[in-house]
Amino acid sequence: MESYKRISHTFEPVWDEHSEILILGTFPSVKSRENLFYYGHPQNRFWKVLAALTSDELPRTVPEKKAFLLRNHIAVWDVIAECDIVGSSDSSIKNVTANDMSIILNHAPINGIFANGAKAYELYMKYCFPQTQRKITKLPSTSPANAAWNMERLAEEWEKYLMRSRKNEFVEKQEMSFP
C-alpha cells in the first residue's frame, strides 16, 4: 500500500502575454510528474477535449502541447505548488501550499479561469480565491477516474462553458454542479 509523500510541483505553468483563459488542475499525477508536463496519463482526455474544441490537431509531444496551448491563448497550471499526496489520488491531498496565481493573472489578459474538476475548484476557492478575488468555473474532470463522463459529453460540457464558438469567444460562470 502506498503512503503519503511530500511532493513539490516540478514544472512551470504554460502561459504567455496573450493567454486569455487559465485552466487549473489540482496537482500533477504520477504520470505527469514522470513526463514533467500536464495531463500526462495516456487515458486523460484533456488534450483530446481541447483539440476538439479548438478544431486543432491533437498534440502528442511536450513541445507540441506547449505550442498548442499558446497558439490557442490557453494557460495551464495547477492550484497546488506542494502537498502531501498518495500516488495520484486527489482525494488524498493534504498540507497544501498553493501556487501564486498572480504570476499569470497580473501579466496576461486572462478573462476566464476554469477548474478541471471539482477538487481543483475546491482547492482554488480555499487557497487562491481569497488572494485573487477572481471567479472560477468548475468543469467536469478530464481524468480517467471520471468514468461518468464519456468523451462526447465532456467535450459538450467544456464547450458550453469554456467557449461560445470556434472563434474562441470566452464565457465565464461562477459555479455549476454536475450529477
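In what follows, residues are counted from 1 in the order of the sequence shown.
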Original post:
Shortest non-hydrogen contact from A98 to Y127?
Top reply: CB-CB, 3.6 Å
Original post:
Y39 and H41: ring pair (Phe, Tyr, Trp, His ring centres under 6.0 Å), yes or no, with the steps?
Top reply: CA-CA 6 Å; Y39 306 102; H41 191 288; over 10 Å; no
**OP:** Evaluate the side-chain proximity of I110 to E20: yes if any heavy-atom separation is below 4.5 Å, no if none is.
**Re:** no
Original post:
To the nearest 0.5 Å, how far apart are CG in L123 and CG in D90?
Top reply: 7.5 Å
Original post:
Do side-chain atoms of D100 reach the backbone of S102 as a donor and acceptor pair under 3.5 angstrom?
Top reply: yes
**OP:** Could you go through the side chain to side chain contact (heavy atoms under 4.5 Å, CB included) check for E12 and W77 one step at a time?
**Re:** CA-CA 8 Å; E12 297 297 318; W77 205 9; over 6 Å; no
Subject >> Closest non-hydrogen atom pair between C83 and K94, with its separation >> reply: CB-O, 3.6 Å
Original post:
When you look at L53 and W158, which way does the side chain to side chain contact (heavy atoms under 4.5 Å, CB included) test go after all the steps?
Top reply: CA-CA 8 Å; L53 296 184; W158 274 59; 3.8 Å; yes
Subject >> Beyond-backbone contact of I85 with K5, side-chain heavy atoms, under 4.5 angstrom >> reply: no
Original post:
If you look at every heavy atom in P130 and M125, which pair is closest and at what distance?
Top reply: CD-O, 3.5 Å
Original post:
D56 and N72: side-chain donor and acceptor closer than 3.5 Å?
Top reply: yes
Original post:
Sub-3.5 Å donor-acceptor pair from the side chain of S141 to the main-chain atoms of N146, do we have one?
Top reply: no
**OP:** Mind listing the closest non-hydrogen atom pair of A75 and W15 along with its distance?
**Re:** CB-CB, 3.6 Å
Subject >> Value rounded to 0.5 Å, distance of OG1 in T54 from CD in E159 >> reply: 10.5 Å
Subject >> Nearest-0.5 Å distance, NZ of residue K119 to OG of residue S89 >> reply: 9.0 Å
Original post:
Any side-chain heavy atom of P13 sitting closer than 4.5 Å to one from Y38?
Top reply: yes
Original post:
Do T142 and N116 have side-chain atoms, one donor and one acceptor, less than 3.5 Å apart?
Top reply: yes
Please tabulate, for side-chain N and O atoms in residues 61-70, each donor-acceptor pair with protein atoms closer than 3.5 Å (sequence neighbours left out).
{"residue": "T61", "atom": "OG1", "partner": "E64", "partner atom": "N", "Å": "3.2"}
{"residue": "E64", "atom": "OE1", "partner": "R60", "partner atom": "N", "Å": "2.7"}
{"residue": "E64", "atom": "OE1", "partner": "T61", "partner atom": "N", "Å": "3.3"}

**OP:** Would you indicate whether the side-chain heavy atoms of E82 and H9 approach each other to under 4.5 Å?
**Re:** no
Subject >> Side chains of H73 and S19 in contact at under 4.5 Å (non-hydrogen atoms) >> reply: no
Original post:
Is there a donor-acceptor contact under 3.5 Å from the side chain of R45 to the main chain of P144?
Top reply: no
Original post:
salt bridge (Lys or Arg N to Asp or Glu O under 4.0 Å) with E156: which residues, sequence neighbours excluded?
Top reply: none
Subject >> Whether over 12 other heavy atoms sit under 6.0 Å from E152 CD >> reply: no
Original post:
With D84, which residues qualify under side-chain hydrogen bond (donor to acceptor under 3.5 Å, both in side chains), at least two apart?
Top reply: R6, N95
Original post:
If only atom types and distance count, is the side chain of Y4 paired as donor or acceptor with the main-chain N or O of S92 below 3.5 Å?
Top reply: yes
Subject >> CA sep, side-chain torsions, deciding dist, call: T132, Y124, side chain to side chain contact (heavy atoms under 4.5 Å, CB included) >> reply: CA-CA 10 Å; T132 67; Y124 175 88; 2.7 Å; yes
Original post:
Does F114 reach the side chain of L22, with side-chain heavy atoms less than 4.5 Å apart?
Top reply: no
Original post:
So, does S88 use its side chain to make a donor-acceptor pair with the main chain of V30 at under 3.5 Å?
Top reply: yes
Original post:
Would a distance-only check, ignoring hydrogens and angles, find a side-chain to backbone donor-acceptor pair under 3.5 Å from D78 to I80?
Top reply: no
Subject >> Exam field: side chain S8 to backbone T10, donor-acceptor pair closer than 3.5 Å >> reply: no
Original post:
Is W149 close to E157 at the side-chain level, that is, under 4.5 Å between some pair of heavy atoms?
Top reply: yes
Original post:
Does Y121 reach the side chain of L139, with side-chain heavy atoms less than 4.5 Å apart?
Top reply: no
Subject >> Pair I21-I113, side chain to side chain contact (heavy atoms under 4.5 Å, CB included): steps then yes or no >> reply: CA-CA 6 Å; I21 64 168; I113 304 173; over 6 Å; no
Original post:
Transitively linked via ILVMFWY side-chain contacts under 4.5 Å: I7 with V86?
Top reply: no
**OP:** Write down the atom of M101, the atom of V79, and the distance for their closest heavy-atom approach.
**Re:** CE-CA, 3.9 Å
